[in-house]
Amino acid sequence: MSAQTLYDKLWNSHVVRQEADGTALIYIDRHLVHEVTSPQAFEGLKLAGRKLWRTASILAVADHNVPTTGRAQGIADPISRLQVETLDNNCAEFGVNEFKMSDVRQGIVHVIGPEQGATLPGMTVVCGDSHTSTHGAFAALAFGIGTSEVEHVMATQCLLMKKAKAMQVQVEGALGKGVTAKDIALAVIGQIGTAGGTGYAIEFSGSAIRALTMEGRMTLCNMAIEAGARAGMIAVDDTTINYLQGRPFAPQGEQWDQAVTYWRTLRSDDGAQFDAVVRLDAAGIRPQVTWGTSPEMVVAVDGRVPDPAAIADAVKRHDAERALQYMGLSANTPITEIRIDKVFIGSCTNARIEDMRAAAAVAKGKHVAANVKLAMVVPGSGLVKQQAEREGLDKIFIAAGFEWRDPGCSMCLAMNDDKLAPGERCASTSNRNFEGRQGQGGRTHLVSPEMAAAAAIAGHFVDVSENH
Amino acid sequence: MQKFTLLNGLVVPLDRANVDTDAIIPKQFLKSIKRSGFGPNAFDEWRYLDHGEPGMDNSKRKLNPDFVLNQPRYQGAQILLTRENFGCGSSREHAPWALEDYGFRVIIAPSFADIFFNNCFKNGLLPIRLDAEKVDALFKAVAANVGYRLQVDLERQSISTPDGTAYPFEVDAFRKHCLLNGLDDIGLTLQHVDEIKAYEAKRRAAQPWL
Ligand code: SF4
């Protein structure tokens, strides 16, 4: 057989049947469910009198709407509460395993899946959420789906889809100090654009990727969708296997050994052909800061806000002008002169224990600047929170003037009370800087946890690579 | 699902690239547990001058006169003409639900984000990819002619303009079949129950930890 990519292997091992036009029925191993994109799917099942095909494949959690303070009092907003209660009721009715709001294992769906070992190499993993690409860090074929597809997987354990093309993003060399997986992700998007990966499944490879921890790999695969790719993935190595060992949903004993033997085959064969290849030099990547309203509007922290007049393409120029207007920025402003009002450290991109540690290391012994109205740290799960507290990170943050919150999506999309007011400018470790994403009229700059913490302390962006 | 066969519809031009699903339907409306009623909040932040929240009487809100959907000449439009990478960002199916509920049946753009593109077909909406130059030509034609309409024929995979130009377009055979007949995917897949079961048995034997 000819050399296969990791994507080929994952795809081929899940084809149940294929139509003449290439549309395939793909089997789904793991289905993650949250409160926002599932109510209509459960309702559809009930209306049609259908059952769940494989209840044990589903793990459910409420994350988007949950409050990050005063959780014991429940959810104040009646519409949010109804949505979370609807999930609770549906899970109870269908016998689905759910981590409720009061459960220490509750958290952002893309944080808890891997944390529990519910995401395993070789699986197909879906969720009604675009950042499902995160789970590809484990050499799983993981992608976001719409609510109709959520219902389809619930009823049939399968999805109808066509194979994507394969793109390799190869990052070789060593990252500089203060440069993180988030900066690789933003640099890749800066290079290929937010539509650069459309129609592709991306495999990240190269020595810089192999050197990343699982947390870093998840951050990177998480942002594959911001590059337009439904799926991002990374081959299995010792880092993957060491991370999974002993996790609650991971196999044990003899099955563990059997699984590991199989998992070790989950990498692209030598000589496998990709439809597109993108190369980056790790040493050349600087800490990144977005300046506009799309993740591709990004520059290095030592750069300047671009001048739309210098952009040749008319559509792009027009977009840049609009973005600068929305962001309240003028062309050629040095990034380090941009002052911020709020800081958000959290989201499925950067709310794992390593992110907490990195931000705390920057904040330790310092204090949030006077012009910063709110700096919040929102751990990705109850277990991340517990671990951070065991390490004393909460005390570091609180002493430095940060708020230490309960887990959830929070100000990543501002569906709960955590949001920006119109015109407020935020350094955020999340993944989308779209207009209104963090609150109507809010202005988001995407950065790494180190960069966000440093911006909180200085009151404006600073180059963490110099400070190291 | 609603069938789609042939449409002769008014075109509205949305001259922006990278329109994301947060813009198509802002997150506060995602709290609904229903599948319908999102139309009045499609493009909410661009469409209204105030901040929209669920439960508001949208008919009493002040419209933004500068937003293209609000211009009198585009009322009743069923075809949305827009730029590249339409529907990027969040996977929320509320976006096609909102567009469909607003009255759109066809979206024409040089490119679409993958998840959004997929979601459209599940909801009787036809997304059509057309070369950037052709899209540009359509933008010019719409601007120049009040009441500009296009005829979209899914069976023949062709868009015809009032001056008789025909633009052929591509669509997957399987998706076309489902859309033309208004078929429900789940029902179709459940015709293959035996194959799914056979696959599962094989898989369980090879990878018992799953
Ligand atoms: S943290 Fe943000 S991006 Fe991640 S699942 Fe929640 S809302 Fe989506």
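Every chain is numbered from 1, with letters handed out A, B, ... down the list of sequences.
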Salt bridge or not between [X] and [Y]? Use side-chain N to carboxylate O under 4.0 Å.
X        : Y        : value
A:Glu321 : B:Arg16  : no
A:Arg230 : B:Asp114 : no
A:Asp77  : B:Lys31  : yes
A:Asp21  : B:Arg175 : no
B:Arg83  : A:Asp313 : no
A:Glu151 : B:Arg35  : yes

CD-CH2 distance between B:Glu200 and A:Trp53, expressed to the nearest 0.5 angstrom |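 With rounding to 0.5 Å, CD (B:Glu200) is 6.0 Å from CH2 (A:Trp53).
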Checking heavy atoms, do the side chain of A:Thr198, its backbone, both or neither come under 4.5 Å from chain B?
->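 Both the backbone and the side chain of A:Thr198 come within 4.5 Å of chain B.
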Part of A:Gln440 lying under 4.5 Å from any heavy atom of chain B =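 Looking at A:Gln440, backbone and side chain both touch chain B.
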So what's closer than 4.5 Å to chain A heavy atoms on [X]: side chain, backbone, both or neither?
X        : answer
B:Ala206 : backbone
B:His51  : both
B:Ser111 : neither
B:Lys27  : both

Taking the side chain as every heavy atom from C-beta outward, state whether A:His14 and B:Tyr199 have any pair of such atoms under 4.5 Å apart.
->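 A:His14 vs B:Tyr199: side chains touch.
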Which residue, A:Val16, A:Leu159, A:Val153, A:Leu160, forms the side chain to side chain contact (heavy atoms under 4.5 Å, CB included) with B:Thr189?
->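 With B:Thr189 as partner, A:Val16, A:Leu159, A:Val153, A:Leu160 yield a single side chain to side chain contact (heavy atoms under 4.5 Å, CB included), made by A:Leu160.
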